[in-house]
Participant: 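Quick one: this structure, given as structure tokens, is what I'll be asking you about.
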2 protein chains.
Amino acid sequence: MATPSIKEVAQRAGVSVGTVSNFLNRPGIVAPETRQRVQDSIKALGFVRNEAARHLRAGRSRTVGLVVLDVTNPFFTDLAEGAEALAYEHDTVVMLCNSKTDPVREGHHLDQLEQQRVMGILITPFDSTDPRLTALVDRGTPVVLVDRTADRGLCSVSVDDQLGGRLAGKHLIESGHRRIAFIGGPFTMQQVADRKAGITAIVEETGDVDLQHYEVDVMGVVEGRAIGEQLAALPARSRPTAAFLANDLLALGFLQGMAVAGLRVPRDMAIVGYDDIDFARAAAVPLSSVRQPAELLGRSAMELLQEEVESAERHRHRQVIFQPDLIVRDSSDFKRRR
Amino acid sequence: MATPSIKEVAQRAGVSVGTVSNFLNRPGIVAPETRQRVQDSIKALGFVRNEAARHLRAGRSRTVGLVVLDVTNPFFTDLAEGAEALAYEHDTVVMLCNSKTDPVREGHHLDQLEQQRVMGILITPFDSTDPRLTALVDRGTPVVLVDRTADRGLCSVSVDDQLGGRLAGKHLIESGHRRIAFIGGPFTMQQVADRKAGITAIVEETGDVDLQHYEVDVMGVVEGRAIGEQLAALPARSRPTAAFLANDLLALGFLQGMAVAGLRVPRDMAIVGYDDIDFARAAAVPLSSVRQPAELLGRSAMELLQEEVESAERHRHRQVIFQPDLIVRDSSDFKRRR
DNA sequence: TCAGGCGATTTAGACGATTCAACTGGGGTC
DNA sequence: GACCCCAGTTGAATCGTCTAAATCGCCTGA
């Protein structure tokens, strides 16, 4: 026995389909007695609304696509959390898609979302200049970039990565470090480049500080550890006394590398990471890290999208930029460790 | 200008909508010349299929819901990977939903999925005896339990957790350990209880082995570390020489606890975790762990679902159980470390 | 020349919910 | 008694796609 439709509900309640629809959407205009009958009928039949039919009629669905680079990364799940919270208030569903930093997967997800006529798409794109994104908008699906800054005709929410790099650099310099390593990669990634630019800027402003760059292909624990062991092998006199790593996974690996080599953190090597994931706080030596307001980012992206959907024609694209915070913990703090 | 429909495509190509539909679904029966014209028209207008309309017509959507307890956990993303791979082959979309171990969120997701008339739902439920699940099936949405064993009328795929516990225990006993700690919790969780039962069984079969239980509320890094420090504080004579932890996060924390207390792993304390997440391999001392075939689990779940969808009436529910593997690394291996 | 057949295409409903103009009937007003 | 009002309800049209049945040419073989 198939799921009953509004028609069967109407029949059983002895009313027309229009009334049932009214009950569902504008219960106020239905007479109390009728309301009760429809209610009972729905319950008795186990009626469940058919979203597909609603969408078809409405022209647009009540779903928003959220495409992220890596669902495993807590930064993105926090972001999703923020987006979902706001979506929930507006009776909207978020469809989470994991592109895994793969443009092909990303494209596939975008195709699917467009076919579903989603209300809009929030995306941390592999390449924010991808013409496909603006094409989507032209064909009527609003797109908001997340954790990326849009230049052209798109809305975006992002975090000031240059400032993040600056904060980390300032903190290390003020703690007395004069030989600092920046570790991240690939340097072609916007985020990484900006963080590097930030610390480079403050280093140059200060003068008399030696900043070294180490590039990695992937920002994972394994790579961080390798670089850590590499640095640890340098003679103490020329070795950096502090390292700023472009994400926390790198930093965690780096920390392990120090432990393996017998260097003490922060005494022999101060460490600052980026993202402030939960693991950072729970590490053997709690990790200092630059925190991004992930949840707020998600929430704001959803806000921009809803604004765009509602105001349609007269909508002006906006680029919102948030500021990161430096969270200082033991890994870069002499005083705490005594 | 709204997205064009099949109708406009037909008009521009000088054919009927039926032909366009045929082109889309059975291109073989359309004359090559006509095919070309339709093709061109689609391209010129930027036509994109409307899934909502297809669903409405077909009665069911081509989407499968996958509800997991924690998207941040690599185990579940690997699982999703397996499910998606098979889905892709069948031209199906997977909608990933994160319940965050919250029954309310889980319920909300289930409601949404049912309203969308998804093809079916794969779920690692908060409570596998939830009547809501069988209600879904009764109303026509197939459900397959993942990483849980169904007792009643449901399909399920799971991993033999008792065997996992057994493997870990056997390995430690054969390595010569006679005082072993089992750490996990809450013990009421099926998974945890099974792993505990597994190691308990082999311990009893062997005899002359002292197995101690430590229960935690949450299986996270912080808790593992706390227990680690607690054990490290015991006098060496009565302290367990090996620990089996019910997940890798606990084990990682435990490992940190050892480091902080100055105990060497595996010499002073051998460690075996569960799940074999990436972090386990990359830890300061690479972690031995019981691996679950996550991707296979996801793939099989999807297989069962598709089987159920296709054979409909004459489908018999099945419970598939996979076997875990023990991956031995340095944390429990004397020989490797010399 | 015509029946039959075949490939290609068209036509005509569904599918389920929503919406809106049209209707109903009871009550009040003049 | 004629009129209007209004809350409540109805019925039909609509959204875009798919499919089964109907139709159209055109060719072949008798």
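The chains referred to below are lettered A, B, ... by the order of the sequence lines, with proteins before strands, and numbering in each begins at 1. All values derive from a computational prediction rather than experimental measurement. The basis for the numbers below is simple: all heavy atoms, side chains too, and nothing from hydrogens, waters or symmetry mates.
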Participant: Which part of the nucleic acid, if any, lies within contact of A:Gly59, taking any heavy atom under 4.0 Å across all strands shown: a base, the sugar-phosphate backbone alone, or nothing?
Facilitator: nothing
Participant: Quick one: how far along DNA chain C does chain B reach, first to last nucleotide 5' to 3', anything under 4.0 Å to a heavy atom?
Facilitator: C:dA8 to C:dG16
Participant: Quick one: how far along DNA chain D does chain B reach, first to last nucleotide 5' to 3', anything under 4.0 Å to a heavy atom?
Facilitator: D:dG16 to D:dT19
Participant: Surrounding CZ of B:Arg105 (heavy atoms of other residues, nucleotides or ligands, distance under 6.0 Å), is the total greater than 12?
Facilitator: yes
Participant: Report which part of the nucleic acid B:Asn22 touches: base, sugar-phosphate, or nothing (heavy-atom distance under 4.0 Å, all strands).
Facilitator: base
Participant: Closer than 4.0 angstrom, basic N to acidic O: yes or no for A:Asp111 and A:Arg132?
Facilitator: yes
Participant: Nearest 0.5 Å, what's the CZ-CZ distance between B:Arg62 and B:Arg54?
Facilitator: 5.0 Å
Participant: For A:Gln36 and A:Asp40, what are the C-alpha separation, side-chain angles and deciding distance, and is it a side chain to side chain donor-acceptor pair (under 3.5 Å)?
Facilitator: CA-CA 6 Å; A:Gln36 189 60 52; A:Asp40 293 346; 3.0 Å; yes
Participant: Is A:Glu89 salt-bridged to A:Arg299, going by a charged N under 4.0 Å from an acidic O?
Facilitator: yes
Participant: How would you label the contact of A:Arg57 with the nucleic acid (heavy atoms, under 4.0 Å): base, sugar-phosphate, or nothing?
Facilitator: base
Participant: Can you work out whether A:Ala52 or B:Val17 has the more 5'-proximal nearest nucleotide on DNA chain C?
Facilitator: B:Val17
Participant: A:Val15 near the nucleic acid: base, sugar-phosphate alone, or nothing, with a heavy-atom cut-off under 4.0 Å?
Facilitator: sugar-phosphate
Participant: Check step by step if salt bridge (charged side-chain N to carboxylate O under 4.0 Å, His left out) holds for B:Glu307 and B:Arg318.
Facilitator: CA-CA 11 Å; B:Glu307 194 182 301; B:Arg318 288 195 290 146; 2.8 Å; yes
Participant: Can you confirm whether A:Gln306 sits close enough to A:Leu86 that some side-chain heavy atom of one is under 4.5 Å from a side-chain heavy atom of the other?
Facilitator: yes
Participant: Which comes earlier along DNA chain C counting from the 5' end, the contact point of B:Leu56 or that of B:Pro32, where each point is its nearest nucleotide?
Facilitator: B:Pro32
Participant: Base, sugar-phosphate or nothing for A:Ser5? Non-hydrogen atoms, less than 4.0 Å.
Facilitator: sugar-phosphate
Participant: Please determine whether a side-chain nitrogen of the Lys or Arg among B:Glu81 and A:Lys100 lies less than 4.0 Å from a carboxylate oxygen of the Asp or Glu.
Facilitator: yes
Participant: Does either side chain, that of A:Asp147 or that of A:Gln191, offer a donor lying less than 3.5 Å from an acceptor on the other one?
Facilitator: yes
Participant: Identify whether any heavy atom of A:Phe23 sits under 4.0 Å from a base atom; if not, whether one sits that close to sugar-phosphate; answer base, sugar-phosphate or nothing.
Facilitator: nothing
Participant: So B:Val30, base contact, sugar-phosphate only, or nothing? Heavy-atom distance under 4.0 Å.
Facilitator: sugar-phosphate
